[in-house]
Amino acid sequence: SVDCKRTRGFLRRDQYSYMSDKKKPNPSAKEVADYLILNPNFFKENPEVLNSIEIVHDSGAAVSLIQRQVELLRTDYNSTTDKLMELLANAKNNDDIFILTKKLVLDLIDASDIEEITSLLEKRFKKDFGADKSRLIFFTKSNKNIPKGRIKNPAESADKLADFMKPGELFCGEVKPDITKFIFNDETFVKEVALIPLTSNSLKGMIALGSTQQGKYTENKDTLFLDFVAEVVSGLIDNHNS
């Protein structure tokens, strides 16, 4: 019976020895991350660990953690700088547009009649705002006080421009050559247009701008100043027709 006890005791000791020799499972990535987050001074207290860490770069080469952090900081800096430069460029562009719009509006107010308004508006949109084509169009059968070539038959216009001229909405985008020919009265290489409806009560119409380059008049462009100019022109037309 003594031998049996010894055997049982031996088996228990051997079992404990085996269990103590078993390797503990490696911690998961989340456990490591959680530990480092909860112990922010770990690398400070163990600098040899930090210096030994290598990370595989996008190119496939191994770089130190410090080098990788420097690269990430440089990338963030370049990205932030690019965004800042873009914001500054947009601000400068908006400032330029504001100055040109203010000058245009003041000159339109000084215009003596609709013919002068039309001539001034068309020239300035081409000269100051980079439009390749510019035309102020009126949907009416009467030619009273309206420059030659600026009148469009209301019924024909409604038929041809139905997809582009919705009440109170500005259209920006590509149109087919037959539409640009109808709008500008000749064959053109216009690829994109901005069609801004007038809001005047006495005379319906629109400001039509054309570009031979893609990207100038698109849906994502800021058109606030175009709406503003159209409102000013509409009010002035009503004043001259009163």
Side-chain angles (χ1 to χ4, degrees), residues 89-140 143 145-152 157 160-161 164-166 168-200 202-241:
N90 288 337
K92 177 64 167 59
N93 183 56
N94 289 336
D95 189 50
D96 292 341
I97 290 177
F98 172 75
I99 293 173
L100 292 172
T101 302
K102 182 176 71 172
K103 189 174 186 304
L104 172 61
V105 168
L106 292 174
D107 290 341
L108 288 171
I109 292 173
D110 289 337
S112 57
D113 53 30
I114 294 177
E115 185 172 355
E116 187 176 350
I117 289 174
T118 301
S119 176
L120 179 63
L121 186 75
E122 293 179 352
K123 289 179 180 178
R124 296 286 278 280
F125 262 114
K126 294 176 70 173
K127 178 183 176 182
D128 295 339
F129 297 96
D132 294 311
K133 287 287 185 178
S134 175
R135 187 158 294 243
L136 183 56
I137 298 173
F138 300 97
F139 305 130
T140 179
N143 61 359
N145 301 326
I146 299 176
K148 184 179 179 181
R150 304 305 188 277
I151 295 177
K152 296 293 182 183
S157 299
K160 286 187 173 292
L161 304 177
F164 314 104
M165 296 298 293
K166 297 179 181 179
E169 293 186 17
L170 178 152
F171 172 83
C172 286
E174 297 182 15
V175 293
K176 294 181 179 179
D178 61 316
I179 299 299
T180 59
K181 182 178 180 180
F182 174 76
I183 293 172
F184 300 110
N185 292 340
D186 58 11
E187 298 286 349
T188 71
F189 294 100
V190 168
K191 294 182 178 180
E192 292 179 348
V193 299
L195 307 178
I196 312 98
L198 300 180
T199 58
S200 60
S202 60
L203 195 58
K204 301 301 180 182
M206 71 176 182
I207 300 172
L209 307 174
S211 174
T212 58
Q213 302 295 324
Q214 289 184 328
K216 185 172 182 61
Y217 301 124
T218 58
E219 292 182 359
N220 59 351
K221 291 289 185 179
D222 186 4
T223 57
L224 182 62
F225 91 99
L226 293 177
D227 287 323
F228 174 67
V229 171
E231 287 184 15
V232 171
V233 171
S234 300
L236 293 174
I237 289 174
D238 282 339
N239 290 339
H240 287 290
N241 276 337

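When reading the values below, keep in mind they use all heavy atoms of this one structure, side chains included, and skip hydrogens, waters and symmetry mates. Because the structure is predicted, anything quoted here is derived from the model rather than measured.
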Subject >> Derivation and outcome, salt bridge (Lys or Arg N to Asp or Glu O under 4.0 Å), residues E122 and R150 >> reply: CA-CA 11 Å; E122 293 179 352; R150 304 305 188 277; 2.7 Å; yes
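- Rounded to the nearest 0.5 Å, atoms CD1 (I207) and CG (L195) are 10.5 Å apart.
- For residues 169-196, the ring pair (Phe, Tyr, Trp, His ring centres under 6.0 Å) pairs, not counting sequence neighbours, are F164-F171.
- Note on D186 versus K133: salt bridge recorded, some NZ/NE/NH1/NH2 to OD/OE distance being below 4.0 Å.
- No side-chain heavy atom of K191 sits under 4.5 Å from any side-chain heavy atom of S211.
- V193 has its side chain out of reach of C172: every pair of non-hydrogen atoms, C-beta onward, lies at least 4.5 Å apart.
- Between the T223 side chain and the L226 main chain, no donor and acceptor come within less than 3.5 Å of each other.
- Between Q214 and E174, the closest side-chain pair of non-hydrogen atoms falls below 4.5 Å.
- Note that CG of D128 and CG of L100 are 5.0 Å apart. Values are rounded to the nearest 0.5 Å.
- For the pair L121/F125, a side-chain contact is recorded, criterion being any heavy-atom separation below 4.5 Å from C-beta on.
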Subject >> side chain to side chain contact (heavy atoms under 4.5 Å, CB included) evaluation trace for L136 with L198 >> reply: CA-CA 10 Å; L136 183 56; L198 300 180; 4.0 Å; yes
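- Here the straight-line distance linking atom CE of M206 with atom NZ of K152 works out to 8.0 Å at 0.5 Å rounding.
- Screening V229, D96, T101 for a side chain to side chain contact (heavy atoms under 4.5 Å, CB included) involving F129 leaves a single residue, T101.
- One distance of note links CG of N239 with CG of D113; it measures 13.0 Å at 0.5 Å rounding.
- We find that R124 and D107 are joined by a salt bridge, their nearest charged nitrogen and carboxylate oxygen being less than 4.0 Å apart.
- Between the S134 side chain and the A131 main chain, no donor and acceptor come within less than 3.5 Å of each other.
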Subject >> Stepwise side chain to side chain contact (heavy atoms under 4.5 Å, CB included) test for I151 and F139 >> reply: CA-CA 6 Å; I151 295 177; F139 305 130; over 6 Å; no
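- Scanning both residues, P197 and M165, for their nearest heavy atoms gives CB-CE, 3.8 Å.
- A distance-only check finds a donor-acceptor pair linking the side chain of N185 to the backbone of G149 [under 3.5 Å].
- Using a 4.5 Å heavy-atom threshold, the side chains of L108 and V233 count as touching.
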Original post:
Under the side chain to side chain contact (heavy atoms under 4.5 Å, CB included) criterion, do I146 and T118 qualify, and how do the steps go?
Top reply: CA-CA 8 Å; I146 299 176; T118 301; over 6 Å; no
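- Taking K160 as the reference, nothing meets the salt bridge (Lys or Arg N to Asp or Glu O under 4.0 Å) condition, with sequence neighbours excluded.
- Considering only heavy atoms from C-beta on, S200 comes within 4.5 Å of D238 through its side chain.
- Taking 4.5 Å as the limit, every side-chain heavy atom of L104 sits out of range of all side-chain heavy atoms of V232.
- Atoms CG and NZ, from L120 and K127 in turn, are 10.5 Å apart once rounded to the nearest 0.5 Å.
- Residues E192 and Q213 bring no donor and acceptor atom of their side chains to less than 3.5 Å of each other.
- Using a 4.5 Å cut-off on side-chain heavy atoms (C-beta onward), V190 and I183 make no contact.
- Here the CG atom belonging to L224 is positioned 11.5 Å from the CZ atom belonging to F98, to the nearest 0.5 angstrom.
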